[in-house]
Amino acid sequence: MLRLLYVSLFGLSLASCDKPDTSDARHGDETRSASASPTRHTIREEEPDTQKNLQERITIAERLDPAEREKELAAIAWDAIETNQEVAHQAFEKLTPDSPEKIRLIQHYAMLLASQNIDEAIEWARTLESEKEIAAALSQIAVSLAETDPPRAANLLVDSEIPGREFDVAIVQVIQRWAAKSPSEAADWVAMFSPSEARKAGVTVIAERWLPQNAPEAFRWLENIKDPELRKETARAMEGIILQQPQETRDEWLQHANPQILIELDQQREQALKDVGNNIPHPEN
């Protein structure tokens, strides 16, 4: 059942993506009109030369060197979608597992399926061929889910044990969306992380969202952190965000910090300067 769902929706996923060197508007109009115009659809089906050409392209593509093979098979999938979804799927199936072209198509498909049914999207993702493909799909699903249900999106990433960089990139995107809606909830969740690059990135994203929204609450967040290392990370992240603001904004935010917080921020200035580099605005003359 799941396999049939994958095949039937694969074509739709390609139609929703940006085809290289193709007008989006033209393809959008043709896709919408295909079901509304039986005559046009019949004409498309009566193009045997086009269908034969697509099959021949697959045969030729398989003889190319690996890099060109991947590009051509992906191009065939794009070109076939409006005329022959079976050929499009055949080209997709022949792409090398974990190849950039296949990962790109998987990500777009995951995004589409997530917009329709999250549970089916997750189930489909777990059927993919490799850990990298599964990670690519689940990361995209989590980011899509974060628009409406950030806590579930965050837990999906953790429970799925997505490896390495895929996890770090996705978790930052999820936290960005979560912190925009509820920075306190996002902060509570990130506080449960073990020390890691993901945690550092998470607290930076939260500070970046929370300080402009509500500086007094953001400083209370820092004040209430008990873990010494997490507290230092958060102070460093906050100081980096503060340093990148115009002086007027810095002064407005810092008036809400108590003396102890001001000391902790100052202690992290040297490290924060390394983080932000040349992004500090110069005082106006």
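Counting from 1, the numbers follow the sequence of the chain as shown. Computed from a predicted model, the values in this text were never measured in an experiment.
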| task | May I ask whether Ile103 and Val143 are part of the same hydrophobic cluster, defined by side-chain heavy atoms of I, L, V, M, F, W, Y residues being less than 4.5 angstrom apart, directly or through others? | result | no

| message | Filter on ring-ring contact (aromatic ring centres under 6.0 Å, His included), then keep only pairs touching residues 219-261, sequence neighbours left out; what's left? | response | Trp210-Trp221

| Heavy atoms, side chains only, cut-off 4.5 Å: are Ile76 and Lys94 in contact? | no

| message | Would you say Gln255 and Asp251 are linked by a side-chain donor-acceptor pair, where the criterion is simply a distance under 3.5 Å? | response | no

| said: When you compare the side chains of Ser184 and Glu217, does any donor N or O come within less than 3.5 Å of an acceptor on the partner? | reply: no

| said: Under a 3.5 Å distance rule, please check whether Arg231 uses its side chain to pair with a backbone N or O of Lys226 as donor and acceptor. | reply: no

| query | How about Thr96 and Arg69: do any of their side-chain heavy atoms sit closer than 4.5 Å? | reply | yes

| query | Glu70 versus Pro100: any side-chain heavy-atom pair under 4.5 Å? | reply | no

| Given the rule that I, L, V, M, F, W and Y join up when any side-chain heavy atoms are under 4.5 Å apart, are Ile242 and Leu262 in one cluster? | yes

| message | Quick check: do Phe193 and Leu230 have side-chain heavy atoms less than 4.5 Å from each other? | response | no

| task | Evaluate the criterion side-chain contact (heavy atoms from CB on, under 4.5 Å) for residue pair Ile122 and Leu138; output intermediate values, then yes/no. | result | CA-CA 7 Å; Ile122 294 170; Leu138 288 176; 4.2 Å; yes

| remark: Interatomic distance, CD@Glu229 vs OG1@Thr234, rounded to 0.5 Å, equals 11.0 Å

| Is the backbone of Ala136 close enough, under 3.5 Å, to the side chain of Ser139 for a donor and an acceptor to pair up by distance? | no

| said: Is it true that Glu264 and Gln260 share a donor-acceptor pair across their side chains at a distance under 3.5 Å? | reply: yes

| said: Show, in sequence, the C-alpha distance, side-chain angles and deciding distance for Thr59 and Arg63, and conclude whether the side-chain contact (heavy atoms from CB on, under 4.5 Å) test is met. | reply: CA-CA 7 Å; Thr59 301; Arg63 301 172 187 157; 3.5 Å; yes

| task | Report the C-alpha separation of Ile206 and Trp178 in whole Å, then their side-chain angles, then the decisive distance to 0.1 Å, and conclude whether the side-chain contact (heavy atoms from CB on, under 4.5 Å) test is met. | result | CA-CA 9 Å; Ile206 293 166; Trp178 199 353; over 6 Å; no

| task | Could you grab the distance from atom OG of Ser144 to atom CG of Leu112, nearest 0.5 Å is fine? | result | 9.5 Å

| said: Rounded to the nearest 0.5 Å, what separates atom CZ in Arg177 from atom OG1 in Thr148? | reply: 11.0 Å

| note | Here the salt bridge (charged side-chain N to carboxylate O under 4.0 Å, His left out) pairs for residues 200-211, sequence neighbours left out, are Glu197-Lys200

| Close side-chain approach of Ser115 to Glu147, heavy-atom, < 4.5 Å | no

| query | What closest approach, in Å, do Ile171 and Ala198 show between heavy atoms, and which atom pair accounts for it? | reply | CG2-CB, 4.0 Å

| Ion pair Lys71/Glu101, N-O distance below 4.0 Å | no

| field | Gap separating the CG atom of Leu95 from the CG atom of Leu73, nearest 0.5 angstrom | value | 5.0 Å

| field | Distance, nearest 0.5 Å, that separates CD of Gln267 from NZ of Lys232 | value | 8.5 Å

| field | Ala125 to Ala137 - nearest heavy-atom pair and separation | value | CB-CB, 3.6 Å

| said: Give me the atom names and distance for the closest heavy-atom approach of Val174 to Pro150. | reply: CG1-O, 4.0 Å

| query | Between Arg126 and Asp159, is a salt bridge (charged side-chain N to carboxylate O under 4.0 Å, His left out) present by the stated rule, with each step listed? | reply | CA-CA 13 Å; Arg126 298 189 192 282; Asp159 294 343; over 6 Å; no

| request: State yes or no: do Val205 and Val158 share one hydrophobic cluster built from I, L, V, M, F, W and Y residues joined by side-chain heavy-atom distances below 4.5 Å, directly or via other members? | output: yes

| message | So which atom in Ala272 and which in Gly240 form the shortest heavy-atom distance, rounded to 0.1 Å? | response | CB-N, 3.7 Å

| message | Hydrophobic cluster membership, with links at side-chain heavy-atom distances under 4.5 Å among I/L/V/M/F/W/Y: are Val169 and Met111 in one? | response | no

| said: Determine whether a donor-acceptor pair (N or O, by modelled atom type, separation under 3.5 Å) exists between the side chain of Arg220 and the backbone of Ala215. | reply: no

| task | With side-chain contact (heavy atoms from CB on, under 4.5 Å) as the test, would you mind laying out the steps for Met238 and Ile261 before giving the verdict? | result | CA-CA 11 Å; Met238 283 191 167; Ile261 293 300; 5.9 Å; no

| How long is the span from the CZ atom in Arg236 to the OG1 atom in Thr204, to the nearest 0.5 Å? | 8.5 Å

| query | Within a radius of less than 6.0 Å around CD of Glu270, do more than 12 heavy atoms belonging to other residues, nucleotides or ligands occur? | reply | no

| Do Glu72 and Ile58 come close enough that some side-chain heavy atom pair is under 4.5 Å? | no

